[in-house]
Peer 1: 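Okay, here's the structure, questions in a sec.
Sequence lines set the chain letters: A, B, ... in the order given, protein chains first and strands last, and positions in each chain run from 1.
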Amino acid sequence: MLTLKYIQDNKDQVIERLKIKRFDAVQIVDEIINLDNQRKSTQVEVEALQAEMNSLSKEIGQLFKSGQMEEANKAKARTGELKEQIKELDTKLSETTTKLNEQLVQIPNVPNEIVPEGKGEEDNVEVKSGGEMPKLENAVPHWDLIKKYDIIDFELGTKITGAGFPIYKGKGARLQRALINFFLDEADKAGYGEVIPPLLVNEDSGFGTGQLPDKEGQMYHATADNLYLIPTAEVPVTNIFRDVILKASELPVKHCAYSACFRREAGSWGAHVRGLNRLHQFDKVEIVQVAHPSESYKILDQMVEHVQSLVEKLNLPWRLLRLCGGDISFTAALTYDFEVYSAAQERWLEVSSVSNFENYQANRLKLRFKEDGEKKAQLAHTLNGSALALPRIMAALLENNQCEEGIRIPEVLIPYTGFDIIK
RNA sequence: GGAGAGAUGGCAGAGUGGUCGAAUGCGGUGGUCUUGAAAACCAUUGUACCGCGAGGUACCGGGGGUUCGAAUCCCUCUCUCUCCGCCA
């Protein structure tokens, strides 16, 4: 969430910039400022009373000690009213604080200046692109290829779990594992320390990265234990740093993680979601960084370059989009999407989303750092990106590399798969 | 799953109703000494909010209660450890 101070100091700017995210902040910002003023004045009142109570209690203690019972009891009588008042104001204070936080959490992150205006996908701006478009005639879509070569079985997954939980088989499973290992190795080379995080997280973690309370319905919820299945490794990995104060010299912290990801995708089924295009469970390698605020945009570029190197090594035609205000997520300040071209579907598929959250997540996480010699901790910046999400990469690889003999495996993956063609 | 013990500052570990935001040790930081370092010695060392400041308030796992007053007593939740059971 945004910090109160930022909202107070930049009220007009916040309202103006959030228009790009198509969020009308006029009313809520006023309400927040009002609530905070109310909170402050109530707090001042309570604390004055508490101070009085504290000193009175000390007096009483002294009186008892020196045996002045009568005086002591007289003083005790005075505390009753104070107690009442404190209790009343205390309730008011916590109510105000709760309301304030409820409002604060509802304001999206302020987009960076370079976020383009726009309503949705169609207004995203292409920044750059690369790779060669495959020249194929009568390209077969991946959902037919996987049947032909028996490498992924959707029906079997449906039987065992439900739609959107495919079973990878034989060379399909092997290719999946090859991609995971390739992505992890590349991340390792780029200096990202690997972690294997839990796949279920508690409520605090869901809140820390912004999935809760906003996107509650998007996550699978294990209600018996009140745990959520992670929609992305971003959640557990970023939450490593919840309530942490780092040294400035430790920044940036770089992590990567492979995990299965679980998404309910409620209400989002329809056209364009055949085959591997949209799943309830999928694999992804995620990269996460905690950065110094002065460096976070430089680091965002580095992360984009890292992802670019991956799609290039896989020989996939790619393009990089800067998300417009209408398409960028609630918590991000700036997001780049990578898309790869899928030859048979003749469309671009999103395979990575790389974002700078500035201090929006850090403020929820209480993730701070201290400058050398400084006493005051300040909020760090968090960033993350997919590097990469597997299913659509798989889809594009299968479709783009199909030929008479079978499906050719990209050079870089052969050491991982142990075969160079699926036939 | 059953029984018991526990949760205190970066760490270890005192503190069982007031003088406790909290002893002591270690660690960290600054300094003295030294050619430099180590050792020793001295000082300093939690977070947040309010206030221009002096200062005030809150926090001893979370929440609630008793009391004029709670780290300390009571209830409850979570977590950790030990033993038993089950188990990859």
Side-chain angles (χ1 to χ4, degrees), chain A residues 1-9 32-105 196 198-208 212 221-228 236 239-251 253 260 359 362-380:
Chain A
M1 56 190 179
L2 299 175
T3 64
L4 252 175
K5 191 166 165 36
Y6 181 77
I7 296 174
Q8 283 160 341
D9 295 350
I32 283 169
I33 291 173
N34 279 337
L35 280 167
D36 188 51
N37 289 334
Q38 212 177 308
R39 193 212 96 228
K40 272 186 207 167
S41 63
T42 313
Q43 187 174 333
V44 169
E45 272 184 88
V46 186
E47 288 185 359
L49 292 176
Q50 280 170 332
E52 198 181 336
M53 189 68 154
N54 286 346
S55 65
L56 205 51
S57 292
K58 261 179 202 164
E59 270 176 46
I60 291 169
Q62 289 304 321
L63 291 172
F64 271 125
K65 226 163 239 179
S66 55
Q68 297 167 263
M69 297 310 229
E70 220 173 287
E71 296 289 319
N73 283 322
K74 223 186 273 174
K76 253 165 102 164
R78 278 191 285 147
T79 61
E81 198 188 336
L82 267 179
K83 238 177 142 176
E84 281 289 300
Q85 288 177 340
I86 290 175
K87 198 166 186 177
E88 205 174 294
L89 282 170
D90 220 25
T91 311
K92 189 174 156 195
L93 181 61
S94 64
E95 279 171 5
T96 310
T97 309
T98 306
K99 255 189 242 164
L100 178 60
N101 284 329
E102 280 169 4
Q103 298 294 313
L104 265 177
V105 161
I196 301 180
L199 303 182
L200 282 88
V201 294
N202 59 28
E203 244 181 328
D204 284 346
S205 294
F207 178 81
L212 295 175
H221 189 187
T223 51
D225 298 290
N226 197 24
L227 296 173
Y228 293 86
N239 271 280
I240 290 172
F241 301 96
R242 175 151 47 85
D243 293 318
V244 166
I245 301 177
L246 295 159
K247 288 191 201 126
S249 60
E250 295 174 294
L251 299 174
V253 187
N359 67 20
N363 190 34
R364 289 180 162 215
L365 293 160
K366 301 227 179 340
L367 161 52
R368 290 164 291 172
F369 72 96
K370 249 186 217 176
E371 214 71 75
D372 218 28
E374 293 272 319
K375 225 180 139 59
K376 187 96 179 142
Q378 49 177 316
L379 293 170

Peer 1: Counting side-chain heavy atoms from C-beta on, which of B:G18, B:A48, B:G69 comes nearest to A:K83?
Peer 2: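 Of the options given, the side chain of A:K83 lies nearest B:G69.
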Peer 1: State which residues pass side chain to side chain contact (heavy atoms under 4.5 Å, CB included) with A:N226; sequence neighbours excluded, sorted by chain then number.
Peer 2: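 So A:N226 forms a side chain to side chain contact (heavy atoms under 4.5 Å, CB included) with A:E203, A:H221, A:Y228.
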Peer 1: Please give the distance between the C1' atoms of B:A3 and B:C86 as a whole number of Å.
Peer 2: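 Their C1' atoms lie roughly 16 Å apart.
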Peer 1: If you check the A:K370 side chain, which of B:G69, B:U57, B:G46 turns out closest?
Peer 2: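 From the listed options, B:G46 comes nearest.
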Peer 1: Write down the distance between CG (A:D225) and C1' (B:U78), rounded to a whole number of angstrom.
Peer 2: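 That distance rounds to 13 Å.
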Peer 1: Please report the distance, rounded to the nearest Å, between CE in A:M53 and P in B:U67.
Peer 2: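 My rounded result for the distance is 11 Å.
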Peer 1: I'd like the C1' distance from B:G21 over to B:U8, given in whole Å.
Peer 2: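 Per the computed distance, 11 Å lies between those C1' atoms.
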Peer 1: Any strand counts, and the cut-off is 3.5 Å on both contacts for Watson-Crick or G-U wobble. Which nucleotide pairs with B:A5?
Peer 2: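 Partner of B:A5: B:U80.
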Peer 1: With both distances under 3.5 Å as the test, what is the Watson-Crick or G-U wobble partner of B:U66?
Peer 2: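 In the structure as shown, B:U66 has no Watson-Crick or wobble partner.
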Peer 1: Tell which nucleotide pairs with B:U44, taking only Watson-Crick or G-U wobble pairs whose two distances are both under 3.5 angstrom.
Peer 2: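 With both distances under 3.5 Å, B:U44 matches B:G28.
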Peer 1: Starting at CZ of A:R78, measure out to CD1 of A:I60 and round the result to the nearest 0.5 Å.
Peer 2: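 Output value for this atom pair is 7.5 Å.
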Peer 1: Describe the nucleic acid contact of A:N73 in one word from base, sugar-phosphate, nothing, applying a heavy-atom distance below 4.0 Å.
Peer 2: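 Here A:N73 touches no strand at all.
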Peer 1: So what does A:S57 touch, heavy atoms closer than 4.0 Å: a base, only the sugar-phosphate, or nothing?
Peer 2: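 The residue A:S57 makes base contact.
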Peer 1: Starting at CE of A:M69 and ending at C1' of B:C68, how long is that distance when rounded to a whole Å?
Peer 2: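 Spelled out: CE on A:M69 to C1' on B:C68 is 13 Å.
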Peer 1: Could you check which of B:A48, B:U47, B:C68 has an atom nearest any side-chain atom of A:K376?
Peer 2: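 Output: B:A48.
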Peer 1: If pairing requires Watson-Crick or G-U wobble contacts with both distances under 3.5 Å, which nucleotide is the partner of B:A38?
Peer 2: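 Looking at the geometry, B:A38 pairs with no nucleotide.
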Peer 1: Whole angstrom is fine here: how far is it from NZ in A:K58 over to C1' in B:A70?
Peer 2: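 Rounded to whole Å, this separation is 14 Å.
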Peer 1: What distance, rounded to whole Å, do you find between the two P atoms, one in B:U45 and one in B:A23?
Peer 2: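 Comparing P positions in B:U45 and B:A23 gives a spacing of 11 Å.
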Peer 1: Measure the distance from CD1 on A:I86 to C1' on B:G56 and round it to the nearest whole Å.
Peer 2: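 Those two atoms, CD1 and C1', are 13 Å apart.
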Peer 1: Would you mind reading off the distance between A:F64 atom CZ and B:U19 atom C1', rounded to a whole angstrom?
Peer 2: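 These atoms are roughly 17 Å apart.
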Peer 1: Roughly how many Å apart are B:C20 and B:C11, using the P atom of each and rounding to a whole number?
Peer 2: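 Pairwise P distance, B:C11 against B:C20, rounds to 24 Å.
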Peer 1: Determine which nucleotide pairs with B:G53, using a 3.5 Å limit on both distances of a Watson-Crick or G-U wobble pair.
Peer 2: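 The base-pairing partner of B:G53, which may sit in any strand shown, does not exist here.
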Peer 1: The side chain of A:N54 is closest to which nucleotide in this list: B:A48, B:U57, B:C49?
Peer 2: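 Of the options given, the side chain of A:N54 lies nearest B:U57.
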Peer 1: Using purine N1 to pyrimidine N3 plus N6-O4 or O6-N4 for Watson-Crick, or N1-O2 and O6-N3 for G-U wobble, each under 3.5 Å, what pairs with B:C33?
Peer 2: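 Across any shown strand, B:C33 pairs with none.
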Peer 1: Which of these nucleotides, B:C49, B:A48, B:G69, is closest to any side-chain atom of A:R368?
Peer 2: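 Nearest to the side chain of A:R368 among the choices is B:A48.
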Peer 1: Return the minimal non-hydrogen interatomic distance between A:P236 and A:P198, and the atom names on each side.
Peer 2: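 The pair with the smallest heavy-atom distance is CG-O, 3.6 Å.
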Peer 1: Find the distance between OG1 (A:T42) and CG (A:D90) and round it off to the nearest 0.5 Å.
Peer 2: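 Taking OG1 in A:T42 and CG in A:D90, the distance rounds to 10.5 Å.
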Peer 1: Considering Watson-Crick and G-U wobble pairs with both distances under 3.5 Å, what does B:G85 pair with?
Peer 2: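 Matched B:G85 with nothing under the 3.5 Å cut-off.
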Peer 1: Name the nucleic acid region contacted by A:L56, choosing base, sugar-phosphate or nothing; use a 4.0 angstrom heavy-atom cut-off, strictly under.
Peer 2: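 The answer is nothing, as A:L56 stays clear of every strand by at least 4.0 Å.
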Peer 1: What integer distance in Å separates A:E203:CD from B:G63:C1'?
Peer 2: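 Rounded to the whole Å, the gap is 14 Å.
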Peer 1: Take A:K76 and A:A377, find for each the nucleotide of RNA chain B with the closest heavy atom, and name the residue whose nucleotide sits nearer the 5' end.
Peer 2: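 It is A:A377 whose nearest nucleotide is closer to the 5' end.
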Peer 1: Check each residue of residues 44-51 of chain A for a non-hydrogen atom within less than 4.0 Å of any atom in RNA chain B, then write out the ones that pass by number, or none.
Peer 2: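 Here the set is A:V44, A:E47, A:Q50, A:A51.
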Peer 1: Determine the Euclidean distance between corresponding C1' atoms of B:U76 and B:A7; express it in Å to zero decimal places.
Peer 2: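 So the two C1' atoms sit 16 Å from each other.
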Peer 1: Using side-chain heavy atoms (C-beta onward) and a distance below 4.5 Å, is A:R39 in contact with A:L4?
Peer 2: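 Side chain of A:R39 against side chain of A:L4, heavy atoms only: contact under 4.5 Å found.
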Peer 1: Between A:T79 and A:A75, is there a donor-acceptor pair closer than 3.5 Å when you use the side chain of the first and the backbone of the second?
Peer 2: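 Judged by distance alone, no pair lies under 3.5 Å.
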Peer 1: Say we look at B:C50 and B:G65: how far apart would their P atoms be, to the nearest angstrom?
Peer 2: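 Comparing P positions in B:C50 and B:G65 gives a spacing of 25 Å.
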Peer 1: Supply the atom-to-atom distance A:K376 NZ to A:K370 NZ, rounded to the nearest 0.5 angstrom.
Peer 2: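 Interatomic distance, A:K376 NZ to A:K370 NZ, rounded to 0.5 Å: 10.0 Å.
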Peer 1: Work out how far the C1' atom of B:G28 is from that of B:G10, and round it to whole angstrom.
Peer 2: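 About 8 Å, rounded to a whole number of Å.
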Peer 1: What's the gap between B:U19 and B:G56 when it is taken at their P atoms, as a whole Å value?
Peer 2: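 14 Å, rounded to whole Å.
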Peer 1: Judged by atom type as modelled, is there a donor-acceptor pair below 3.5 Å linking the side chain of A:D36 to the main-chain atoms of A:I32?
Peer 2: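 A pair under 3.5 Å: no.
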Peer 1: Checking base pairs now: Watson-Crick or wobble, both atom distances under 3.5 Å. What partners B:A22?
Peer 2: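 The answer is none; no pair meets the criterion.
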Peer 1: Can a donor-acceptor pair be found, under 3.5 Å and without considering hydrogens, that links the side chain of A:N239 to the backbone of A:S205?
Peer 2: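 Looks like yes, one N/O pair under 3.5 Å.
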Peer 1: When rounded to the nearest 0.5 angstrom, what is the spacing between CG in A:L104 and CZ in A:R364?
Peer 2: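 Output value for this atom pair is 9.5 Å.
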Peer 1: For A:R39, report the nucleic acid contact type (base, sugar-phosphate, nothing); a contact means any heavy atom under 4.0 Å.
Peer 2: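 It contacts sugar-phosphate atoms only.
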Peer 1: Would you kindly give the CD-to-P distance between A:Q43 and B:C59, to the nearest whole Å?
Peer 2: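 In whole Å, B:C59 P and A:Q43 CD are 13 Å from each other.
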